[in-house]
Asker: 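Before I ask anything, let me first share the structure, which is written out below as structure tokens.
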Amino acid sequence: MEKLKEDYISIDTRLEYMEAIAVKYVPDIDIDPATGERYVCGTTALPLFIRRYNQNELYGNFTYEDYIVNEDIQNTLKGLGVDIDKFWFLLLFIFDYTCGTCLDGMKATGIGIEQLTKFAKAIADNHKEINQFGVSFKKPITVSVKIEGKHQIVIDNANAIGYLATIIANNLKEIEEHPWMQSQQVSINTHAEEKESVQIWLFYKMFNDFFNLEPYNKQFNVRQKKGSTISLSKTLLISRLIYFTKLSKHSKFSEDEDVLKGYIKQYKDKRIDTANSIYF
């Protein structure tokens, strides 16, 4: 296919699906100067993807020609009413994104507000009572701070630990509103990877998220016609895409959705521990 125009005002219509999922995974955040509220104003992934596509830098060893002649994939897409070319660019982006996260990722911390919430909850759940001597816990508890190259600092005073948890718990709403506390911190120079199985799950999740976006959740909600042998299962479609893109060489992915369902169940509550090195 021909190169994409690097025009970010009049965007190529073939990028419609790609842009829709990119807004969810790589949102461009701005702040309203009048209210101070944050809002999504598109995606920063668009120019990066267009440039990588035009310069043949995208991950993936599969072609548009092979995609077009894959009968199982094409029959399902046509049955669902999906635009073939728009879906091709969606496929390219999702594959590239999962590689940037799982194969060539960057080390990332947890999200600040989530870590503080878990910290305060763990202490609260271990709380026994408060009496004239202060706080007591059900089980012995310590809090430690480790600074690289220095001695570890350990807090074992129950009153200090209880006070620390109380301060966090009483200020969670204010802490949550701070933009720094809503994101991970990334170590740009530290390479990190996820397992192949995690990449397969992320690949599935991104496509599943796409099909659940408006208006596609209604537009592509098509029932199989009576007597038709063409599958309209989106899960089976994604499973076949996993095999087509060579994310897995396991032929069962092209035959049914049972193997993929195992991955979905295994990683249901998975948090990706790496940051994307391409789209960030």
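Heads up: numbering here begins at 1 and tracks the sequence. Side-chain atoms are counted along with the backbone in the values below, which use heavy atoms only and exclude waters and symmetry mates.
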Asker: Once you measure the plane-to-plane angle for Trp88 and Phe62, does it fall in the parallel (<30°), tilted (30-60°) or perpendicular (>60°) bin?
Answerer: perpendicular
Asker: Compute the ring centroids of Phe210 and Tyr17, then answer whether they are less than 6.0 Å apart.
Answerer: yes
Asker: Any donor and acceptor pair, going by atom type alone, linking the side chain of Ser239 with main-chain N or O of Thr235 inside 3.5 Å?
Answerer: no
Asker: Backbone N or O of Leu15 within a donor-acceptor pair of the Lys86 side chain at under 3.5 Å?
Answerer: no
Asker: Let me confirm one number: the CE-CD1 distance from Met18 to Ile50, rounded to the nearest 0.5 Å.
Answerer: 7.5 Å
Asker: Going by distance alone, is a donor N or O of one side chain under 3.5 Å from an acceptor N or O of the other, for Tyr216 and Glu16?
Answerer: yes
Asker: Where do Thr43 and Ala22 come nearest, in terms of heavy atoms and distance?
Answerer: OG1-O, 3.3 Å
Asker: Under 3.5 Å, side chain of Lys3 to main-chain N/O of Gln55, donor-acceptor pair present?
Answerer: no
Asker: Any sub-3.5 Å donor-acceptor pair from Thr142's side-chain atoms to Val154's backbone N or O?
Answerer: no
Asker: Thr101 and Asn276: side-chain donor and acceptor closer than 3.5 Å?
Answerer: yes
Asker: Would you compute the distance between atom OG of Ser144 and atom CD1 of Ile153 and round it to the nearest 0.5 angstrom?
Answerer: 10.0 Å
Asker: Taking all non-hydrogen atoms of both residues, which atom of Ile155 and which atom of Ala160 are closest, and how far apart?
Answerer: CG2-CB, 4.0 Å
Asker: For atom NZ of Lys270, decide whether the heavy atoms of other residues, nucleotides or ligands shown that lie under 6.0 angstrom number more than 12.
Answerer: yes
Asker: Kindly give the heavy-atom pair with the smallest separation between Asp72 and Thr76, and that separation in Å.
Answerer: O-OG1, 3.1 Å
Asker: Are Lys252 and Asp258 close enough for a salt bridge, meaning some N to O gap below 4.0 Å?
Answerer: no
Asker: For the residue pair Glu194 and Thr274, confirm or rule out a side-chain donor-acceptor distance under 3.5 Å.
Answerer: no
Asker: Is a side-chain N or O of Glu257 found less than 3.5 angstrom from the main chain of Lys261, in a donor-acceptor match?
Answerer: no
Asker: Dump the intermediate steps for side chain to side chain donor-acceptor pair (under 3.5 Å) on Gln199 and Thr98, then the final yes or no.
Answerer: CA-CA 6 Å; Gln199 184 178 4; Thr98 63; 3.1 Å; yes
Asker: Salt bridge check: are Glu19 and Lys24 linked by an N-O gap of less than 4.0 Å?
Answerer: no
Asker: Let me see the working for Asp85 and Tyr64 under side chain to side chain donor-acceptor pair (under 3.5 Å), right down to the final yes or no.
Answerer: CA-CA 9 Å; Asp85 285 349; Tyr64 180 75; 2.4 Å; yes
Asker: For Gln152, I'd like to know if atom CD has over 12 heavy atoms of other residues, nucleotides or ligands within 6.0 Å.
Answerer: yes
Asker: Whether the side chain of Asn217 engages the backbone of Phe211 through a donor-acceptor N/O pair (distance < 3.5 Å, no angle test) should be reported.
Answerer: no
Asker: Knowing that exactly one of Phe244, Tyr243, Tyr263 qualifies, which makes a ring-ring contact (aromatic ring centres under 6.0 Å, His included) with Phe253?
Answerer: Tyr263
Asker: Starting at OG of Ser136, measure out to CG of Asn131 and round the result to the nearest 0.5 Å.
Answerer: 5.5 Å
Asker: Okay, side chain of Asp104, backbone of Gly100: is any donor-acceptor separation there less than 3.5 Å?
Answerer: no
Asker: Can you measure from CD1 (Ile11) to CG (Leu46) and round to the nearest 0.5 angstrom?
Answerer: 4.5 Å
Asker: Would you sort out whether Ser197 and Gln266 count as a side chain to side chain donor-acceptor pair (under 3.5 Å), showing the intermediate values?
Answerer: CA-CA 10 Å; Ser197 56; Gln266 179 181 357; 5.1 Å; no
Asker: Just verifying a value: how many Å separate Ile242 CD1 and Phe95 CZ, rounded to the nearest 0.5 Å?
Answerer: 10.5 Å
Asker: List the steps, then state whether side chain to side chain donor-acceptor pair (under 3.5 Å) holds for Asp96 with Tyr53.
Answerer: CA-CA 10 Å; Asp96 200 44; Tyr53 175 81; over 6 Å; no
Asker: State, to 0.1 Å, how close Leu4 and Arg14 come at their nearest heavy-atom pair, and which atoms those are.
Answerer: CD2-NH2, 3.5 Å
Asker: Using only atom types and a distance under 3.5 Å, with no angle test, would you say the side chain of Lys5 pairs donor to acceptor with the backbone of Ser10?
Answerer: no
Asker: Taking the six-membered ring for Trp, are Tyr204 and Tyr267 ring centroids under 6.0 Å apart?
Answerer: no
Asker: Distance to the ring centre below 6.0 angstrom and angle to the axis at most 45 degrees; does that hold for Lys128 and Phe137?
Answerer: no
Asker: Looking at Glu129, I'd like to know if its CD atom is crowded, meaning that more than 12 non-hydrogen atoms belonging to other residues, nucleotides or ligands lie closer than 6.0 Å.
Answerer: yes
Asker: Check for me, please, whether Leu236 and Ile84 land in the same ILVMFWY cluster - side-chain distances under 4.5 Å, paths through other members count.
Answerer: no
Asker: Using the ring centroid of each side chain, check whether Tyr25 and Tyr97 are separated by less than 6.0 Å.
Answerer: yes
Asker: As an exercise, state the distance from CD1 of Ile238 to CG of Leu91, rounded to the nearest 0.5 Å.
Answerer: 11.0 Å
Asker: Run the ring-centre check on Phe203 versus Phe207 and record whether the distance is less than 6.0 Å.
Answerer: yes
Asker: The test is side chain to side chain contact (heavy atoms under 4.5 Å, CB included); show your working for Leu80 and Lys234 and say whether it passes.
Answerer: CA-CA 9 Å; Leu80 291 170; Lys234 298 180 185 72; 4.3 Å; yes
Asker: Quick one: does any side-chain atom of Asn159 pair with a main-chain N or O of Val135 as donor and acceptor, under 3.5 Å?
Answerer: yes
Asker: Where do Phe87 and Leu92 land on the side chain to side chain contact (heavy atoms under 4.5 Å, CB included) test, with the steps shown first?
Answerer: CA-CA 9 Å; Phe87 195 83; Leu92 290 178; over 6 Å; no
